[in-house]
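Take a look at the structure set out below.
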Amino acid sequence: MTATRTIPFARPWITDAERQAVMDVLHGDILTHGPQTKAFEQEFAQFVGGEAHCVAVSSCMGALHLAYLTLGIGPGDEVLVPAQTHVATVHAVEAVGAKPVFVDCRPDTGNMDTDKLESLITERTRAIGLVHFLGIPCEMDPIMAVAARHGLRVIEDCALAVGARYKGQHVSVIGDAGCFSFYPVKHITTAEGGMFVSRHKEIAEKAAKVRGFGVDRSFAQRAAFGMYDVTCWGLNYRMSEVNAALGRVQLSRVGEILDRRRSNFLALKEALSGQPHMHILDSPHKDVENSHYCLSVVLAGPLAGRRDELTIKLKEVGVGVSVYYPQPVPRMSYYREKYGYDALAYPCAVDISDHSIALPVGPHLTGNDVRYVVDAFLSTIREVAS
Ligand SMILES: *Cc1c(COP(=O)(O)O)cnc(C)c1O
């Protein structure tokens, strides 16, 4: 096959409306602590629905850190985390001095294997730090049941889950806290940014305070310059007005963004279904909504060992592919050296890391792009398999 297109794996989708919103902020005097951030928080809460209280922050990593801090997790505590995830999910546990305990994932969805949770719970376990893997919602009912039985907090990493729903409920307000990312290649972007969400008002208020140095009143609430007290330890995880203005326009377009992702995902999935030696990660349940970050194909049999070759060949014909994630977190040097690594403990996480390939489904792909990705993928597979 010869390359006739170049399709990046992901690309931020910025329109003139976003550019205008950013310029409007830059024409004013308020660059942080302002009305854009407030409005973005309110609009995001409306989008999530339920009892969402939102705190805009500078990254998802920051939101995750705030989640563990405000839920009182710290040294001596253990947190169950998936072995297959972005490293931020686990770094946040380390950030408060708690110990991550890795859980293998399920082969069909890549999500944390709920059946394995209870055997890993000790008297030190305080929380479950789950991830909606690639936007596929976790099975929240059994997870919340385990949490209730053992008195555990539940932190949802929703970085790839804008638009993901479990039994009609948007993720992030099912557990105790939910954390979103607005990094450029996520569903919506603020360049850098994130959102801390909680259905507990007092947890969200605490997070808002820690986000801004532990100051007891916002800039706007001060009677005069400098009139404030510091009532707790804090950090600076604020989102600027420029980022918030960008995020508000992106959020207003989220329906269109999600529709395009869904139709690209479904078209790809249908074209690849029934192919031998591979399966596609997706939820088997009808009552959940995947937010379709990408389409991850797990290769098996004679194709399993050819993954790297496939990714190189696909790049050569202009198809941007990726791997989510190329290492299970416990195999990464920092975690391996700190906690040791048992190569047999996470067979499913290892399988996905070593044998999967993520195909693009972002809103930048047209119908013809999707057909090109299918043709490229199938012809490349025939090449490496022959
Ligand atoms: C991208 C990502 C993060 C980190 O998000 P930042 O906003 O870059 O901090 C965390 N968790 C998951 C699952 C992600 O995909």
Side-chain angles (χ1 to χ4, degrees), residues 9-12 37 40 44 54-69 79-96 100 102-103 105-106 109-112 127-138 154-164 171-172 175 177-197 207 211 235-240 243-244 246-247 250-251 261 281 290-296 322-330 332 334-335 349 352-353 356 358 360-362:
F9 176 74
R11 175 193 278 160
T37 306
F40 187 35
F44 202 82
C54 295
V55 182
V57 291
S58 52
S59 70
C60 181
M61 175 76 223
L64 288 163
H65 188 194
L66 288 178
Y68 288 102
L69 281 172
V79 179
L80 298 171
V81 288
Q84 180 53 267
T85 182
H86 188 293
V87 72
T89 315
V90 190
H91 277 356
V93 175
E94 290 276 307
V96 294
F102 294 101
V103 185
C105 57
R106 295 173 52 93
T109 59
N111 275 325
M112 188 184 239
I128 300 171
L130 61 84
V131 177
H132 302 292
F133 191 65
L134 310 181
I136 304 166
C138 288
V154 175
I155 293 93
E156 302 178 60
D157 182 337
C158 305
L160 300 179
V162 168
V171 297
S172 77
C179 304
F180 291 88
S181 172
F182 306 133
Y183 185 74
V185 299
K186 310 286 166 122
H187 293 68
I188 62 171
T189 187
T190 59
E192 290 275 12
M195 192 69 80
F196 174 92
V197 180
R211 166 188 63 177
L235 292 156
N236 178 0
Y237 280 163
R238 282 193 305 265
M239 175 179 279
S240 85
N243 300 94
L246 175 51
Q250 288 266 294
L251 184 61
R261 286 186 171 273
L281 298 183
N290 182 342
S291 64
H292 307 111
Y293 178 68
C294 62
L295 182 135
S296 184
S322 190
V323 174
Y324 283 83
Y325 292 86
Q327 301 257 22
V329 177
M332 290 171 169
Y334 172 80
Y335 287 99
I352 291 176
S353 284
S356 76
V361 305

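Whatever order the structure lists them in is the order used to number ligands and atoms, beginning at 1. What you see is a predicted model; the values in this text were computed from it and never measured.
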All heavy atoms of Pro82 vs all of Phe102, minimum pair found to be O-CD2, 3.9 Å
Out of Ser291, Ser172, Cys158, which residue meets the side chain to side chain contact (heavy atoms under 4.5 Å, CB included) rule with His132?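 Of the listed options, the one satisfying the test is Cys158.
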Is it the side chain (CB and beyond), the backbone, both or neither of [X] that lies under 4.0 Å from ligand 1, heavy atoms counted?
X	result
Glu192	neither
Tyr325	side chain
Cys60	both

For ligand 1, which atoms, with element, lie under 4.0 Å from some heavy atom of [X]?
X	result
Met61	9 (O)
Ala159	2 (C), 3 (C), 10 (C), 11 (N), 12 (C), 13 (C), 14 (C), 15 (O)
Ser59	7 (O), 9 (O)
Leu160	15 (O)

If you measure every N or O of [X] against every N or O of ligand 1, does any of those distances drop under 3.5 Å?
X	result
His86	no
Tyr183	no
Ser181	yes

Does even one non-hydrogen atom of Phe180 get within less than 4.0 Å of ligand 1?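 False for this residue.
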Heavy atom of Gly193, distance to ligand 1 below 4.0 Å: yes
Among all protein heavy atoms in this structure, tell me which lies nearest to atom 11 (N) of ligand 1, with the distance rounded to 0.1 Å. Asp157 OD2, 2.7 Å
Is it true that a side-chain atom of Asn111 and a backbone atom of Pro137 form a donor plus acceptor pair closer than 3.5 Å? yes
Do other residues, nucleotides or ligands put more than 12 heavy atoms under 6.0 Å from Tyr183 OH?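 Incorrect, the count does not exceed 12.
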Looking only at the aromatic ring of each residue, does the gap between the centers of His91 and Tyr335 stay below 6.0 angstrom? yes
Could you pull out, from His65, Lys186, His91, the option with a heavy atom nearest to atom 15 (O) of ligand 1? Lys186
Kindly assign one of parallel, tilted or perpendicular to the pair His187 and Tyr293, based on the angle between their ring planes and the thresholds 30° and 60°. tilted
Using 30° and 60° as the class limits, which term best fits the ring planes of Phe40 and Phe182: parallel, tilted or perpendicular? tilted
A side-chain contact here means heavy atoms from C-beta on lying under 4.5 Å apart; do Val55 and Tyr237 qualify?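 No. Closest side-chain heavy atoms not under 4.5 Å.
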CZ/Arg106 to SG/Cys138 distance, rounded to the nearest 0.5 angstrom? 10.0 Å
